Amino acid sequence: MPSVIAYGCDDATTQFHPLQIDIREPGEGEIYFDVAYAGICHSDIHSARGEWGPVAYPLVPGHEFVGIVAKVGPGVTKFKVGDRVGVGCLVGSCGSCEMCESGYEQWCTSTPGTLWTYRADAEGNPTTGGYSRGFTVREDFALHIPSELDFAACAPLLCAGITTYSPLKHYDVGAGSRVAVLGMGGLGHVGVQIAKAMGADVSVISHGRSKEADARRFGADHFYATSEEGTLESLRGSFDLILCTVSADGLDYAGYMAALRPYGVFVDVGLPTEPVSLPLRAFVNGGKSFAGSQIGGIAETQEMLDFCAAHGVIPQVEMITGEEITQAYDNVVASRVRYRYVIDTSTFPETA
Ligand code: NAP
Ligand code: ZN
């Protein structure tokens, strides 16, 4: 059994430190890869800080990471040693329920259901994620990284990319669509690029002005700051789709519903913790919908990677060392990251 160095935390204060973890040898249909780069998603922070419920510590997060295949188990057909590979939020599902057969492995309805990259498995054993030098995964849950994608920058596509691509695709965004991306962080800055590549007229709605030049560089046609009085009122009836990636509580959801055109949809992917209350007339008036979306299935994730490679969509990342993860968490929460931290695992020590 290979033993590798990873970074984990022992409690909700999220002080990261190196630790030695055991990784299983690749079994039937499994591959082992040397992880090169792992993105830090805001979901890692919600999870590790216990904001979504109890966590088994020590926790090694990481659900958007890439590396190079180093070993293949018996029966592997899709990967060979040396291939560029990526893993996202899920590493297992039954494969035979209606959801899995429809390509929605993230919504597997069998028991125990979808196996998330770093949660307890069916026996209750905590699994470890991508802030690690190595990872073993079923080949069916591993993605091919197209050669056009910059390897050091592409890891965030495995979560931020698919989470924004999937709803934009589902709601048929294309030429003539007016799309607003609400919140331009890790998810949002990729969502802007994807919506633009799909042909939409793209607006960014941010809580300040500081990201305007970047938004335009990512392809935004318009930029609005909610810190300026009257912004939301001025946007009434403007958008076919609003993609909300905001991680914080307290948004004016009714105001955003009013910013939709008739039959428009507000798609939330952000996961702040407080419940939301909306008057029903926010939907009735204009025939509008409030929807959610959660990452995407495996086939759609591969489709997204190929789409990003074909259209030059690439995250803007800040590379950090293992020792910088603790500070990076605070920076993400304070919206100081531009736009995704990626951990370079070659900076990890040889031993814990
Ligand atoms: P992030 O990089 O921290 O971006 C969140 C953005 O929200 C910030 O850049 C900021 O954008 C905005 N924001 C932050 N604090 C705010 C505040 N107090 N008021 C208004 N806006 C604020 O996070 P992320 O990694 O993109 O993740 C975003 C959310 O999506 C998280 O809740 C995460 O858990 C969730 N998520 C969901 C899925 C899914 O499948 N549904 C997948 C991944 C992540 P501006 O500066 O532009 O305002
Ligand atoms: Zn994520």
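Worth saying up front: this structure is predicted, and the values here are computed from it rather than measured. Note that ligands are numbered from 1 as they come in the structure, with each ligand's atoms numbered from 1 the same way.
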Practice problem: Cation-pi check, K71 to Y32: give yes when NZ or CZ is under 6.0 Å from the six-membered ring centre and within 45° of the ring axis, no otherwise. | Solution: yes
Exercise. Kindly indicate, with the supporting measurements, whether the criterion salt bridge (charged side-chain N to carboxylate O under 4.0 Å, His left out) is fulfilled by D214 and R217.
Key: CA-CA 5 Å; D214 289 340; R217 187 160 46 79; 2.7 Å; yes
Quiz item: Under 3.5 Å, is there a donor-acceptor pair between the R24 and T136 side chains?
Solution: no
Exercise. For the residue pair Y329 and Y131, categorise the inter-ring angle as parallel (less than 30°), tilted (30 to 60°) or perpendicular (more than 60°).
Key: perpendicular
Exercise. Kindly indicate, with the supporting measurements, whether the criterion side-chain contact (heavy atoms from CB on, under 4.5 Å) is fulfilled by D268 and L243.
Key: CA-CA 6 Å; D268 178 74; L243 179 64; over 6 Å; no
Practice problem: Say whether Q106 and T114, considering side chains only, have a donor N or O and an acceptor N or O under 3.5 Å apart. | Solution: no
Self-check item: Identified ring pair (Phe, Tyr, Trp, His ring centres under 6.0 Å) partner of F135 from the options Y118, F65, F141
Solution: F65
Quiz item: Taking everything shown except E98 itself, do over 12 heavy atoms lie less than 6.0 Å from its CD?
Solution: no
Quiz item: Excluding waters, how many protein N/O/S atoms sit closer than 2.8 Å to the Zn ion (ligand 2)?
Solution: 3
Self-check item: Derivation and outcome, side-chain hydrogen bond (donor to acceptor under 3.5 Å, both in side chains), residues E323 and Y7
Solution: CA-CA 9 Å; E323 289 300 307; Y7 269 75; 2.7 Å; yes
Using a 3.5 Å cut-off on N/O to N/O, what pairs does ligand 1 make with the protein? A line per pair would be great.
from: ligand 1; atom 1: 2 (O); to: G186; atom 2: N; distance (Å): 2.8
from: ligand 1; atom 1: 3 (O); to: H42; atom 2: ND1; distance (Å): 2.7
from: ligand 1; atom 1: 9 (O); to: G185; atom 2: N; distance (Å): 3.3
from: ligand 1; atom 1: 9 (O); to: K211; atom 2: NZ; distance (Å): 3.1
from: ligand 1; atom 1: 11 (O); to: M184; atom 2: N; distance (Å): 3.2
from: ligand 1; atom 1: 23 (O); to: H42; atom 2: ND1; distance (Å): 3.4
from: ligand 1; atom 1: 25 (O); to: H42; atom 2: N; distance (Å): 3.0
from: ligand 1; atom 1: 25 (O); to: R340; atom 2: NH1; distance (Å): 2.6
from: ligand 1; atom 1: 26 (O); to: G186; atom 2: N; distance (Å): 3.4
from: ligand 1; atom 1: 26 (O); to: L187; atom 2: N; distance (Å): 2.8
from: ligand 1; atom 1: 32 (O); to: H46; atom 2: NE2; distance (Å): 2.9
from: ligand 1; atom 1: 32 (O); to: L271; atom 2: N; distance (Å): 2.9
from: ligand 1; atom 1: 34 (O); to: S43; atom 2: OG; distance (Å): 2.8
from: ligand 1; atom 1: 34 (O); to: H46; atom 2: NE2; distance (Å): 3.3
from: ligand 1; atom 1: 36 (N); to: S43; atom 2: OG; distance (Å): 3.4
from: ligand 1; atom 1: 40 (O); to: I295; atom 2: N; distance (Å): 2.8
from: ligand 1; atom 1: 41 (N); to: V269; atom 2: O; distance (Å): 2.9
from: ligand 1; atom 1: 41 (N); to: S293; atom 2: O; distance (Å): 2.9
from: ligand 1; atom 1: 46 (O); to: H207; atom 2: ND1; distance (Å): 3.2
from: ligand 1; atom 1: 46 (O); to: K211; atom 2: NZ; distance (Å): 2.7
from: ligand 1; atom 1: 47 (O); to: M184; atom 2: N; distance (Å): 2.7
from: ligand 1; atom 1: 47 (O); to: S206; atom 2: OG; distance (Å): 2.6
from: ligand 1; atom 1: 48 (O); to: H207; atom 2: N; distance (Å): 2.8
from: ligand 1; atom 1: 48 (O); to: H207; atom 2: ND1; distance (Å): 2.4

